[in-house]
Amino acid sequence: MIAQETSVPDAAGGATVAAVVVLAAGQGTRMRSSTPKVLHPLGGRSMLGHVLAAAEPLGAEATVVVVGAGRSAVEEHLARIAPGALPVVQEEQRGSGHAAAVALAAVPDLEGPVLLVNGDAPLLRAATVAELVDTHRRTGSTLTVLTAEVDAPTGLGRIIRGADGGVQAIVEESDATDEQRAIREINAGVYVADADALRRSLARIGADNEQGEQYFTDVLGLLVAEGAPVGGVIAADPDDVLGCNDRRELAARRRTLNDRVLDDLMRAGVTVVDPQTTWVDVTATVEPDAVLEPGTQLLGTTRVATGAVVGPDTTLVDTEVEEGATVVRAHCLQAVIGPAVAVGPFAYLRPGTRLGTKAKIGAFVETKNADIGAGSKVPHLSYVGDATIGQGTNIGAATVFVNYDGVAKHHTTIGDHARTGADNMFVAPVTVGDGAYTAAGSVITSDVPPGAMAIARAPQRNVGGWVRRRRPGTPAAEAAEAAERRAEASAEGRSEAPRTDHEQ
Ligand code: UD1
Ligand code: CA
């Protein structure tokens, strides 16, 4: 029997195993979802993705994932996130022990230590797994189980220790006595065990329990009875081992994961103004001296450089924000925001948006597939789609890049230092040359040469007296008549009653 050990999360080191087995075939009934439990996302990965990431540094030759409930979706996801992993089908969910046996049967030549882990342990950290594996190796155990001391052990397997402190058995809550239920040390559902010993013991476990399932946890008691060395490692942070069985637990795990990410960022020098409303995926990166304002979400592979200010109320997905840029009340997908750029408030940057140094995207502007050069500005109320804009150019307010003819998308090119008027339409494909101007209200359908002024609007025509004739008796007509009388009076040098201002 091996005495307990306490893991040190920072101690990683070259711990390794021959294989990783993830048990992920269970129904996840309590999630009440058409999505398999292990595919529910939190903090930028699926639950399964987090478990695989924690095991990844072990560098195992084989990774086996037992799939069952919703298996095609799980297999598809696995092919995307871990193409090297081997999905193994457990046709009927006859318990975690049965699942482990099915996994080992799929890799018959496997020998040596195997990490077994429940697929619903999204807070598990690589350092904790490494410490478990390391302890297993150092102590020469046949099986080592990760445990934790928790305040609310309800629903979890309890760790039964002998007088010498060694682990003797795991008892599931439904099979536990009142005395056993009072135990606060629980089974995390993460184990390292020798492959051969596992095969032998798994062949012997029954389903004589409350749930009528083959419990993996029974392996432990069998090994102890054989006199095999069995150990336990208490996780330094009990959060590491928390499972996830329903949506409330999912929300709680998501919050814990986010707290960890934000704590790491703040320790590294990032200002997080309101950790309660700031969400950063584990896959995002933020450099020191960046500022995250309240209501900010940094998702996917988003990267924020030093000196940048993001938020308030901003969501960035797979977006790059370079040094010193500000992004205020914006929603950005796969955009590249260059150094010292200003975005927002109320901007929508869609995939393929690239903003050069000191460019500006102002209020109520949407961009897509748009390469906007250094120092260029799209300050107000515009749509810029499928466009290249040079440097130092200003796009007038309320401009639309008309990129779609109903069938195909077309490109617009605007040169350097151009000044386009307010309320322009650029009907693509079209090019506006360097230094060109366009008049306000123009619909630009032909190319504009460099330095030219393009005017593409009907000339103005005033129909005198129209309101008096066609809208007599209206306030407009009365105002017009009063204005005419004043004009006549001033022409004749008379003084008229002063004009009344707007009606209140
Ligand atoms: C399990 C442990 C319990 C531990 C808890 C930690 C058992 C018997 N009990 O309980 O001691 O405290 O995890 O969270 O293992 N699975 C399959 N095929 C099956 C059944 C389950 O692949 O036929 C997978 C599930 O997808 C899950 C894992 O095995 O990832 C554990 O199964 P689950 O039903 O969630 O066990 P718990 O009751 O949570
Ligand atoms: Ca579980």
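We count ligands from 1, going down the list as the structure has it; atoms in each ligand are counted the same way. Numbering starts at 1 and runs along the sequence shown.
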N/O donor-acceptor pair under 3.5 Å between Thr301 side chain and Asp318 backbone: no
Proximity of Glu213 to ligand 1 by residue part, where a heavy atom lies under 4.0 Å: neither
Within-shell test, Ala24 vs ligand 1, heavy atom, strictly < 4.0 Å: yes
Phe216 ring center within less than 6.0 Å of Tyr191 ring center: yes
Nearest candidate to atom 7 (C) of ligand 1, where distance is taken over non-hydrogen atoms, out of Gly189, Gly28, Ser96: Ser96
Glu111 atom CD: more than 12 heavy-atom contacts under 6.0 Å: no
Atom indices of ligand 1 within 4.0 angstrom of Gly26 heavy atoms, with elements: 16 (N), 17 (C), 22 (O), 25 (C), 26 (O)
Numbered atoms and elements of ligand 1 in range of Ala99, under 4.0 angstrom, heavy atoms: 17 (C), 18 (N), 22 (O)
Residues Ser46 and His77: side-chain donor-acceptor under 3.5 angstrom: yes
Ile361 side chain reached by Thr367 side chain, heavy atoms, under 4.5 Å: yes
Atoms of ligand 1, numbered as shown, that sit under 4.0 Å from any heavy atom of Leu156: 5 (C), 6 (C), 12 (O), 14 (O)
Proximity flag Asp120 to ligand 1, non-hydrogen atoms under 4.0 Å: yes
For ligand 1, the portion of Ala121 having any non-hydrogen atom under 4.0 Å away: neither
Proximity winner for atom 31 (C) of ligand 1, if only heavy atoms of Val102, Asn118, Val22 are counted: Asn118
Distance-only N or O hit between ligand 1 and Ile170, under 3.5 Å: no
Side-chain donor/acceptor of Thr16 to backbone N/O of Leu58, under 3.5 Å: yes
Heavy-atom gap His98 to ligand 1 smaller than 4.0 Å: no
Backbone of Phe346 reached by a side-chain donor or acceptor of Arg329 within 3.5 Å: no
Numbered atoms of ligand 1 (with element) below 4.0 Å of Gly157, judged on heavy atoms: 3 (C), 4 (C), 11 (O), 12 (O)
Geometric N/O contact Thr217 with ligand 1, under 3.5 angstrom: no
Working for side-chain hydrogen bond (donor to acceptor under 3.5 Å, both in side chains), residues Thr147 and Glu185: CA-CA 6 Å; Thr147 76; Glu185 186 181 8; 2.6 Å; yes
Option of least heavy-atom distance to atom 9 (N) of ligand 1 (set: Glu172, Arg94, Glu92): Glu172
Shortest heavy-atom approach to atom 20 (C) of ligand 1 - which of Gly95, Ala103, Ala148: Gly95
Residues Asn245 and Lys37: side-chain donor-acceptor under 3.5 angstrom: yes
Min N/O separation Tyr191 to ligand 1 under 3.5 Å: no
Ligand-residue contact atoms, ligand 1 with Ala188, heavy atoms, under 4.0 Å: 6 (C)
Polar atom proximity, Ala25 to ligand 1 (N or O, under 3.5 Å): yes
Side-chain H-bond candidate by donor/acceptor type, Thr256 with Asp259, under 3.5 Å: no
Basic-acidic side-chain contact under 4.0 Å: Asp264, Arg267: yes
